[in-house]
Amino acid sequence: MSEEATSAETSKASAKASDTTTAKRSPIIVCRKIVRSFWRAKERLDVLDELDLEIAEGSFEALMGPSGSGKTTLLNLIAGLDRPTSGTLTVAGTEVSAMGDAALARWRSQTIGFVFQHFNLIPVLTALENVELPLLLTSLGSSERKKRAQIALRVVGLEDRMHHRPQQLSGGQEQRVGIARAIVHDPKIIVADEPTGELDRKSADEVLHLLERLNKEFDKTILMVTHDPAAAERATVLRKLDKGKLL
Amino acid sequence: MVPIRYNVRNLLVRRTTTMAAALGVGLVVFVLAASLMLNEGLARTLDQSGSADTAIVLRKGSDSEMPSSVEDKAISLIKVAPGVKSSSDGQPLVLGEVVVVLFQDLANGKGKSNATLRGMPLDRVQVFRPEVKIIEGRMAAPGTDEVVVGARVVGRFKGFEIGQSLDLRKARPVKVVGIFEANGSSFESEVWGDIEYVRSAFGREAVVSSVRVKLESPAVFDGFEVAVERDKQLGLEVLAEPDFYRKQSENTSIFIIAMGTLIAVFFSIGAMIGAMITMYGSVAHRKREIGVLRALGFSRSAIMFSFLLESVLLALLGASLGTLASLGMGLVKFSMLNFTTFSEITFQFTATPEIILRSIIFGGVMGVLGGFLPAIRAARTAPIEAMKG
Ligand SMILES: Nc1ncnc2c1ncn2[C@@H]1O[C@H](COP(=O)(O)OP(=O)(O)OP(=O)(O)O)[C@@H](O)[C@H]1O
Ligand SMILES: [Mg+2]
């Protein structure tokens, strides 16, 4: 692990990390001198400023920082939703900063699972159909897709709600369906932007517990942006971002 | 591929907007289908009227029977031309008829219109038009002032009912004694009376409008035509009956199709804009959703296709409603002026599988065109939309 990464860990998270083997594994996400700028009224705004970052495979990292510090921007880059203005970004062995649009879309569909703050389930589709969506981009047949979507729903404990529409579910349940959708295609990395931001304490804890399980039992690398200290505590590594730089 | 049920359900969720846009498309398809059906009805009506082994002789240069005149003495020459069929008693099957226009009051009191009056040897109707059936009353008697009325104009003009009488001209009344059907042909829009009575009423003694000739077979037509047209003094023109009726409908058919297409194209611009606005609304409303699909890895082309498909589904829904409504028109009788004969002809909207298919495809194409720009906008949605608050 890089020096900066280690220094960014809190003592508590590092204690947690030390009793697993994750910290010693090779990095799955490597950012080198990442810059992401936006232009606003002819004024250049460097949201991320020559940022270096390594994230080890199998770790569960939390990213905190004040509003506007660039957390979502960084997450978008790592997840291949956006491209850096300069710098190189290698994720799961692929240099995503150099990829074209279509290739990037295909890469996302195989590598990344998304958990969104607003759940972002498709309202007209049932829980099962929502979870099945990422599998439509694979070569799996319909019955195999259904089977896998059901298994994913079972993992999040919502198999009995599979024919419900998002409207018919509570916020916590919606987010658990979101998690099922994020894992159904077995991606290496899960990115979550404030996954508990809209949930009450109890639902938030359920979601966090699930993420922990995905990390421990299924060896998913998880990168989670959060404002919630209790959520951050569940992670093995805690990083802090301020004004486009990691502290 | 984004699943089709995604599109279907989104259309259902936005029921009112969907319906409004679909009805716009439906209206256009209705107009188009109705005009095609009308044209088909016209073609059928006139097609029924001709048989291939019958030749019709007119004065050269007359498009129709009305302006044509053939002298009685020419008829005797036609009778001896090659290929003319004879009846069992050795009589050549040649029929001279006089056709005039009646300018009659409409029964509904809304002005006047033209009806066709045909004077003929009434005892020979069955020989040339075996399909003719008296459905009410009886056949008019030869040599009298009686007439029979075609089933399609009964009740349309004043006096066109059994037992009533009408004036052909001043002081030339005729009595309606029967109603006939002729297999749906244009004869059903005519009034038939005795040839001599009609000729004297209109001062056309010793001339007829047209001469119908039964030929031994359709194959002898060419020989017959050459023989009759050879004598330039007579100045006659020979046509096979089916060709004659096709010619009769040409102008009217062009008019119907041109009007229908013009109206459909004109309206379709509005309907496509309607579909486009609906789809733009849909894209704007689902911006984040589209971002999510893009984030999950669906390609731009998959999104583009999905929205195009949604627009086509919307249009097809409208097209089906429009076509269905046009089928309802099949129950309606339609009267219009035949532009060649300038008399009224009554016919029905007639649907064929081809017309239905064409109309629905036309609707589908409107969906593609109207949905194109919104689908491009949808495809351009950035995947980071999924992450925005
Ligand atoms: N597309 C964009 N165009 C212009 N500016 C942008 C764009 N995206 C982000 N920014 C700016 O970049 C900065 C960082 O935004 P970002 O969304 O990454 O913050 P954040 O740390 O996730 O904040 P929050 O905790 O509120 O979600 C903000 O000042 C924001 O206005
Ligand atoms: Mg954010």
Side-chain angles (χ1 to χ4, degrees), chain A residues 36 67 71-83 100-126 129-138 142 145 165-167 178 181-182 184-185 187 191-194 197-198 225, chain B residues 1-19 278-279 281-311 313-314 317 375-389:
Chain A
R36 181 66 173 103
S67 184
K71 303 181 297 293
T72 300
T73 304
L74 177 60
L75 209 61
N76 286 343
L77 290 174
I78 289 172
L81 296 176
D82 189 17
R83 265 181 298 247
D101 231 47
L104 206 53
R106 209 170 315 121
W107 174 85
R108 282 197 300 273
S109 73
Q110 292 158 358
T111 320
I112 307 289
F114 288 92
V115 179
F116 302 96
Q117 175 176 4
H118 306 290
F119 323 136
N120 284 354
L121 301 179
I122 308 293
V124 298
L125 299 181
T126 64
E129 289 162 348
N130 265 286
V131 175
E132 193 190 349
L133 277 176
L135 298 179
L136 294 173
L137 296 164
T138 66
S142 155
R145 292 199 303 261
R165 298 265 179 107
Q167 282 171 333
R181 182 176 66 185
V184 71
H185 54 308
V191 298
D193 196 354
E194 302 186 36
E198 294 199 349
V225 168
Chain B
M1 268 270 297
V2 183
I4 292 179
R5 57 174 177 268
Y6 169 72
N7 305 107
V8 173
R9 288 183 200 162
N10 269 307
L11 288 172
L12 291 176
V13 164
R14 291 163 50 96
R15 225 167 273 133
T16 322
T17 341
T18 299
M19 244 4 228
T278 305
M279 290 309 296
S282 220
V283 171
H285 183 74
R286 277 140 70 188
K287 194 169 180 175
R288 171 151 10 138
E289 218 171 290
I290 300 166
V292 171
L293 291 172
R294 294 278 288 122
L296 294 180
F298 286 92
S299 63
R300 282 181 196 278
S301 49
I303 301 292
M304 165 109 190
F305 180 78
S306 175
F307 274 84
L308 217 44
L309 181 74
E310 191 163 318
S311 173
L313 287 175
L314 172 86
L317 171 70
I376 286 182
R377 180 175 291 180
R380 286 201 176 141
T381 304
I384 56 164
E385 292 299 334
M387 301 292 265
K388 288 192 178 159

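Lettering follows sequence order; numbering is per chain, from 1.
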Listed partners of Arg377(B) passing side chain to side chain contact (heavy atoms under 4.5 Å, CB included), at least two apart: Tyr280(B), Val283(B)
For the CZ atom on Arg380(B), are there more than 12 heavy atoms of other groups (residues, nucleotides or ligands in this structure) within a distance under 6.0 Å? no
Verify the neighbour count for atom CD1 of Ile4(B): are there more than 12 heavy atoms of other residues, nucleotides or ligands below 6.0 Å?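 Not more than 12 within 6.0 Å, no.
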Identify which one of Leu81(A), Asp82(A), Thr73(A) satisfies the side chain to side chain contact (heavy atoms under 4.5 Å, CB included) criterion when paired with Met387(B). Leu81(A)
Picking from His185(A), Glu194(A), Gln117(A), Arg181(A), which has the most non-hydrogen pairs under 4.5 angstrom with chain B?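 The option with the most such pairs is Arg181(A).
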Heavy-atom pair count under 4.5 Å with chain B, highest-scoring of Pro187(A), Gly113(A), Pro123(A):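 The residue among Pro187(A), Gly113(A), Pro123(A) with the greatest pair count is Pro123(A).
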Pull out the residues in residues 100-109 of chain A that come under 4.5 Å of chain B, heavy atom to heavy atom, sorted by number. Asp101(A), Ala105(A), Arg108(A), Ser109(A)
Side chain, backbone, both or neither of Ile112(A) within contact of chain B (heavy atoms, under 4.5 Å):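 No part of Ile112(A) comes within 4.5 Å of chain B.
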If we define contacts as heavy-atom pairs under 4.5 Å, which of Arg294(B), Arg286(B), Met1(B), Lys388(B) has the most with chain A? Arg294(B)
Any donor and acceptor pair, going by atom type alone, linking the side chain of Asn10(B) with main-chain N or O of Val124(A) inside 3.5 Å? no
Heavy-atom pair of closest approach, residues Phe114(A) and Ala295(B):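 Residues Phe114(A) and Ala295(B), closest heavy atoms: CE1-O, 3.3 Å.
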Under 4.5 Å from any heavy atom of chain A - which part of Leu293(B):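 Answer is side chain: those atoms of Leu293(B) sit under 4.5 Å from chain A.
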Checking Phe298(B) against Leu133(A) for the side chain to side chain contact (heavy atoms under 4.5 Å, CB included) test, could you report, in this order, the C-alpha distance in whole Å, the side-chain angles of both residues, the deciding distance, and whether it holds? CA-CA 9 Å; Phe298(B) 286 92; Leu133(A) 277 176; 4.1 Å; yes
